[in-house]
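Here's the structure, in structure tokens; my notes come after.
Along the sequence shown, the residues carry numbers beginning at 1.
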Amino acid sequence: MASEASVRLGVPPDRLWIRRPGIYEDEEGRTWVTVVVRFNPSHREWARASQGSRYEPSITVHLWQLAVHTREPLSSGQMPFSQLPAVWQLYPGKKYRAADSSFWEIADHGQIDSMEQLVLTYQPERKD
């Protein structure tokens, strides 16, 4: 059973490119699988509260480095994870810059049991 706390690792991947829905590849050819996508507030709460508001929910993504066989990459129009970027580039200050120029904080980069984990959080700017 995996524990909540993770053992810290070295430098996270420099770049992650989407290869299939929920599957990214880093510069070393390792695959990273999206195992959790959490919205705060949830989609349901956000829909109820955001009528007429431009507020976006924060997004937390848990990626695990797992060996998977990917097929041909998808075009951007085929991406079902529309809230997630197609590319993340490591940026100074413990964060990634996405293809859409948004910034995602590295909330955790560690190891749980034998699984390498990368947790990224997007906090939109409030437009109230």
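- Of all heavy-atom pairs spanning A86 and Y24, the tightest one is O-CE2, 4.0 Å.
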E116 vs H109, test: side chain to side chain contact (heavy atoms under 4.5 Å, CB included). Steps then yes/no. CA-CA 8 Å; E116 186 173 352; H109 177 233; 2.7 Å; yes

Test side chain to side chain contact (heavy atoms under 4.5 Å, CB included) applied to L63 and V35, step by step: CA-CA 6 Å; L63 300 160; V35 293; over 6 Å; no

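- The distance between the ring centers of F103 and Y91 falls below 6.0 angstrom.
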Worked check of side chain to side chain contact (heavy atoms under 4.5 Å, CB included) between W32 and L66: CA-CA 6 Å; W32 293 79; L66 296 168; over 6 Å; no

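- Annotation: W104 is in aromatic contact with Y122 [ring centroid separation under 6.0 Å].
- The two residues D26 and P13 have their closest heavy-atom pair at CB-CB, 3.7 Å.
- Remark: K95 does not engage E105 in a salt bridge, criterion side-chain N to carboxylate O under 4.0 Å.
- Taking both residues in full, the closest heavy atoms of Y96 and L90 are given as CD2-N, 3.3 Å, listed atom of the first, atom of the second, then distance.
- Once rounded to the nearest 0.5 Å, the distance linking CH2 of W88 with CG of L16 reads 7.0 Å.
- A donor-acceptor contact under 3.5 angstrom links the side chains of W64 and Q117, judged on distance only.
- To the nearest 0.5 Å, the span separating CG on D108 from CG on L120 amounts to 10.0 Å.
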Would you check, one step at a time, whether the test side chain to side chain contact (heavy atoms under 4.5 Å, CB included) holds for V61 with V119? CA-CA 6 Å; V61 179; V119 180; over 6 Å; no

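- Taking the side-chain contact (heavy atoms from CB on, under 4.5 Å) definition, one finds that R15 meets it with W17, E27, V87, Q89, sequence neighbours left out.
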